[in-house]
2 protein chains.
Amino acid sequence: MTPPTGENDSRERMIGSALELFSAHGYSGTGFRDVISHSGAPRGSIYHHFPRGKTELAEEVIRRNSANFVAHIENLRPTDPIAVLHAYVEWSRRLLEASGCRAGCAVAAVVLEAHDGPELFEMASAGWSAMADGLAAMLRASGVPRQRASGLGTLTVASLQGALVVCRAARDIGPLDAVERELDHTLRAAIDDARS
Amino acid sequence: MTPPTGENDSRERMIGSALELFSAHGYSGTGFRDVISHSGAPRGSIYHHFPRGKTELAEEVIRRNSANFVAHIENLRPTDPIAVLHAYVEWSRRLLEASGCRAGCAVAAVVLEAHDGPELFEMASAGWSAMADGLAAMLRASGVPRQRASGLGTLTVASLQGALVVCRAARDIGPLDAVERELDHTLRAAIDDARS
DNA sequence: GTCTATACGAAGATAGAC
DNA sequence: GTCTATCTTCGTATAGAC
């Protein structure tokens with residue numbers, strides 16, 4: 001996919017800026033003005049880089065977010081369900097800590113505000129399903145029955161997503177800590193059940 | 001607070017419409033135009049009814065949402081933690097079913113997009129804390145230790161909030177069903193633990 | 001309480017020069 | 001690839017008549 005020669009910098013920086021800005025101010029709340037001034041990219045090339053406009057930018061933001069998340073996980077290489085959980089929590093924690101609990105998930109912002117078409121929703125859903133499935137696979141490998149493993153994967157993804165919103169409203173990371181503690185307890189209990 | 005004589009209808013209808021529209025299109029994504037045309041309220045009286053503008057409208061939306069939720073719970077009058085859980089889930093389920101999984105929590109939309117001041121966040125956070133505390137109190141009454149009861153209250157609120165986002169992206173209520181099942185299991189386990 | 005008119009800025013998007 | 005200029009629509013908010 002990447003061209004052989006000196007690659008396009010502006011477009012990549014715009015995507016990175018949009019990811020940050022969507023996290024903090026939402027999708028509707030972030031204009032091209034903001035993306036340009038935050039990234040330092042040239043004003044005149046927006047529709048050169050994103051011919052389909054803001055929708056295309058949002059698609060790239062979701063893609064980038066997924067790529068960043070995958071890189072985060074591959075960096076930690078968790079080998080058991082509990083380690084996967086804490087790797088997921090760590091991802092959410094960094095989002096909150098980097099912003100003083102003033103930013104959240106850019107993908108969630110797009111889902112809550114976009115009305116462009118089904119593609120953005122499908123991309124968002126695919127990412128969250130992959131997260132849930134990643135944890136569920138580990139749980140199954142630890143002996144947890146299929147349906148419970150799947151349900152716990154979904155519970156984990158949903159509660160982390162919700163924790164981002166609750167922490168933001170409270171301006172406090174406490175709710176994420178609480179969610180982490182309870183998920184840890186619940187996952188361990190499911191694994192113990194499976195062993196007995 | 002309520003005047004003795006024939007009360008103001010327009011303002012109340014505007015708040016109700018704003019609640020619906022925030023749920024579906026977000027806070028930035030909903031303009032006064034939309035609120036006016038949806039509610040049928042007169043154009044000229046917006047700043048008569050909401051002198052502080054959109055921020056004041058958002059405050060009233062959060063208040064209305066809390067009032068509706070309290071009415072929903074008081075209607076069901078749950079007397080044990082599991083009943084409280086299912087009453088909470090039912091509230092989320094109605095939001096999704098009424099919209100074909102295309103709308104979510106209006107308060108979350110405000111939290112993700114507003115940048116007006118701390119009041120909106122404090123109101124949102126107070127509502128979610130009350131939800132979590134309501135469940136936690138029931139768990140404590142069933143013998144669950146204080147810290148676990150509190151953590152499970154937070155987990156429940158966060159995971160329901162997250163389920164709204166995940167279901168919306170998937171255009172499917174399945175994730176909420178899964179979250180309900182797992183929370184039911186987890187809460188029952190905590191209660192059983194307490195009895196032994 | 002409701003109206004019209006309007007101010008002022010920003011939104012997303014396009015055209016055409018360079 | 002980047003520029004400027006422009007289009008159209010929309011946003012919140014205000015002023016002042018009725």
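Each chain gets a letter, A, B and so on, in the order its sequence line appears, and its residues count up from 1.
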Between dG12(C) atom P and E56(A) atom CD, what is the distance in whole Å?
15 Å

Within the structure shown, what part of the strands sits under 4.0 Å from D34(A) by heavy-atom distance: base, sugar-phosphate, or nothing?
sugar-phosphate

Nearest-nucleotide 5' precedence on DNA chain C, S28(A) against G44(A)
S28(A)

With a 4.0 Å cut-off, would you call R102(A) and E20(A) a salt bridge?
no

Examine dG1(C): is either OP1 or OP2 under 4.0 Å from a nitrogen or oxygen in the side chain of S45(B)? Give yes or no.
no

From CE of M14(A) over to P of dG12(C), roughly how many Å is that when rounded to an integer?
14 Å

Salt bridge check: are D192(A) and R188(A) linked by an N-O gap of less than 4.0 Å?
no

Side-chain N,O (H48(B)) to OP1/OP2 (dT2(C)) below 4.0 Å
no

Nearest whole angstrom, please: distance from the P of dC3(D) to the CZ of R43(A).
6 Å

If only side-chain N and O atoms of H49(B) are considered, is one of them under 4.0 Å from the OP1 or OP2 phosphate oxygen of dT2(C)?
yes

H72(A) and W91(A) aromatic ring geometry - parallel, tilted or perpendicular at 30°/60° bounds:
tilted

Length of the line joining L21(A):CG and dG12(C):P, which is rounded to integer Å:
12 Å

Using a cut-off of 4.0 Å on non-hydrogen atoms, how would the nucleic acid contact of T30(A) be classed: base, sugar-phosphate, or nothing?
sugar-phosphate

Could you state the atom-to-atom distance from CZ of R52(B) to P of dA13(D) in whole Å?
11 Å

Take the protein atom CG of D116(B) and the nucleotide atom C1' of dT12(D), then report the distance between them rounded to whole Å.
11 Å

Expressed as a whole number of angstroms, how long is the span from I46(A):CD1 to dC3(D):C1'?
12 Å

Please determine if R168(B) forms a cation-pi arrangement with F121(A), meaning its NZ or CZ atom is less than 6.0 Å from the six-membered ring centre and no more than 45° off the ring axis.
no

Does Y47(A) have a side-chain nitrogen or oxygen under 4.0 Å from the phosphate oxygens OP1 or OP2 of dT14(C)?
no

Whole angstrom value for the distance that separates P of dA13(C) from CG of L57(A):
10 Å

Aromatic contact, F50(B) with F32(B) (centres under 6.0 Å):
no

